[in-house]
Amino acid sequence: MKLLAIDCAANLCAACVYDEATKQELGRSVLDLGKGHAERLMAVIAEALTASATDYAGLGAIAVSVGPGSFTGLRVGVSTARGLALALKVPAIGVTTLEALAAEAAAAFPGRAVLAALDAGREEIHAALYDEMSVLAYGPAVTTLAAAVTMATESASVLAGTAAAQIAASAGRAFDIGPETATADIATYARLAAAKGEGERPKPLYLRGADAKPQAGFMLSRQQN
């Protein structure tokens with residue numbers, strides 16, 4: 001099966017075609033836009049299809065980054081993915097930016113817990129903690145810098161995301177650090193979506209401060225799949 005992955009969660013407007021059978025990326029197109037995803041996404045998708053020698057009829061699924069990230073970018077990406085899936089009668093599969101960043105950190109530091117954390121401004125951090133087997137242990141949720149430092153320290157985790165350096169500096173100690181970007185490589189979204197398979201229709205993941213206070217003993221907090 002060939003899968004089209006789309007990412008508009010942050011500054012990038014990205015698409016790639018991924019072959020699930022061979023586990024290889026067939027072609028991609030990536031623009032660093034900052035904004036303006038709505039005007040450019042369909043052209044980016046067309047370029048990725050051309051680069052992979054694939055057309056829409058050859059796709060078996062659509063994957064999309066669902067956030068947390070840019071409010072407008074997420075709406076553009078998710079609505080496009082769902083529209084294409086409906087038109088092509090194929091599944092749409094959502095992957096969070098936090099799980100994608102964590103997957104890249106886990107690939108660089110195998111067998112380690114990973115705290116994926118994005119600077120959300122207003123002294124808030126969007127975070128998700130994954131254990132040594134890449135199983136979600138906390139989040140995705142909004143948390144404070146102090147709570148993120150506690151999670152990272154107690155779990156001896158690798159850090160990933162735009163808040164990684166901030167967490168390490170606040171902790172006053174060295175951490176292994178994976179990608180420090182706001183989003184992962186487009187092929188990571190494709191690979192994770194292919195492994196997930198069909199599930200609920202994707203929707204943007206918007207996190208709010210009211211949902212964000214981690215429990216004491218965060219390792220037992222409610223998982224959100």
Side-chain angles (χ1 to χ4, degrees), residues 7-13 32-37 65-78 94-106 108-109 112-131 134-185 188-189 202-225:
D7 175 30
C8 298
N11 55 305
L12 301 181
C13 183
D32 191 343
L33 293 179
K35 59 183 179 179
H37 297 80
S65 56
V66 297
S70 160
F71 181 86
T72 302
L74 293 179
R75 290 180 60 189
V76 170
V78 171
V95 178
T96 74
T97 51
L98 294 171
E99 65 183 302
L101 288 166
E104 292 186 347
F109 299 94
R112 298 278 303 281
V114 177
L115 177 64
L118 298 173
D119 184 353
R122 298 181 299 177
E123 301 182 353
E124 293 181 342
I125 290 174
H126 293 168
L129 178 68
Y130 295 82
D131 68 15
S134 295
V135 175
L136 183 64
Y138 168 81
V142 185
T143 190
T144 64
L145 177 59
V149 168
T150 298
M151 278 191 279
T153 302
E154 292 184 358
S155 62
S157 60
V158 177
L159 302 179
T162 56
Q166 184 182 5
I167 292 169
S170 182
R173 50 156 288 186
F175 284 88
D176 289 322
I177 296 180
E180 296 182 71
T181 50
T183 190
D185 184 80
T188 302
Y189 290 104
K203 58 184 178 181
L205 175 62
Y206 300 129
L207 300 178
R208 298 175 300 171
D211 302 328
K213 306 305 181 186
Q215 304 167 7
F218 61 86
M219 294 296 288
L220 299 178
S221 64
R222 180 173 58 89
Q223 295 185 11
Q224 299 178 5
N225 295 324

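All values derive from a computational prediction rather than experimental measurement. Position 1 is the first residue of the sequence, and the numbers go up from there.
- Contacts of A105 classified as side-chain contact (heavy atoms from CB on, under 4.5 Å), with partners at least two apart in sequence or in another chain: V114, V158, A160, P179.
- Between C8 and H37 the shortest heavy-atom distance is CB-CD2, 3.6 Å.
- Among pairs with a residue in residues 172-181, those fulfilling salt bridge (Lys or Arg N to Asp or Glu O under 4.0 Å) read R112-D176, at least two apart in sequence or across chains.
- Shown here are the ring-ring contact (aromatic ring centres under 6.0 Å, His included) partners of F71, two or more places apart in sequence or in another chain: Y206.
- Across A147 and T144, no two heavy atoms sit closer than the pair N-OG1, 3.1 Å.
- Expressed to the nearest 0.5 Å, how far CD of E104 lies from CG of D185 amounts to 6.0 Å.
- Under the side-chain contact (heavy atoms from CB on, under 4.5 Å) criterion, A163 pairs with A117, D119, I125, Q166, I167, sequence neighbours left out.
- For residues 157-171, no pair satisfies salt bridge (Lys or Arg N to Asp or Glu O under 4.0 Å), with sequence neighbours left out.
- Judged purely by atom type and a 3.5 angstrom limit, H126 has no side-chain atom pairing as donor or acceptor with the backbone of A116.
- Taking R75 as the reference, nothing meets the side chain to side chain donor-acceptor pair (under 3.5 Å) condition, with sequence neighbours excluded.
- Residues L129 and S157 meet the side-chain proximity criterion, which asks for heavy atoms closer than 4.5 Å.
- Partners of T183 by side chain to side chain donor-acceptor pair (under 3.5 Å), not counting sequence neighbours, listed by chain and number: D7, Y189.
- Listed by chain and residue number, E124 satisfy the side-chain contact (heavy atoms from CB on, under 4.5 Å) test with R122 (two or more places apart in sequence, or in another chain).
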Just list the side-chain donor-acceptor pairs under 3.5 Å for residues 95-103, sequence neighbours left out, or say none.
{"from": "T96", "atom 1": "OG1", "to": "E99", "atom 2": "N", "distance (Å)": "3.0"}
{"from": "T96", "atom 1": "OG1", "to": "E99", "atom 2": "OE2", "distance (Å)": "3.4"}
{"from": "T97", "atom 1": "OG1", "to": "G67", "atom 2": "O", "distance (Å)": "3.4"}
{"from": "T97", "atom 1": "OG1", "to": "P68", "atom 2": "O", "distance (Å)": "2.9"}
{"from": "E99", "atom 1": "OE1", "to": "K196", "atom 2": "NZ", "distance (Å)": "3.4"}
{"from": "E99", "atom 1": "OE2", "to": "T96", "atom 2": "N", "distance (Å)": "2.8"}
{"from": "E99", "atom 1": "OE2", "to": "K196", "atom 2": "NZ", "distance (Å)": "3.0"}

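- Among pairs with a residue in residues 157-169, none fulfils salt bridge (Lys or Arg N to Asp or Glu O under 4.0 Å), at least two apart in sequence or across chains.
- Atom CG of residue L207 and atom OG1 of residue T143 lie 11.0 Å apart, to the nearest 0.5 angstrom.
- Pairing each heavy atom of L74 with each of S65, the nearest pair is CD2-O, 4.0 Å.
- Across A127 and L115, no two heavy atoms sit closer than the pair CB-CD1, 4.2 Å.
- Nearest heavy-atom pair, I177 versus A164, reported as atom, atom and distance to 0.1 Å: CG2-CB, 4.0 Å.
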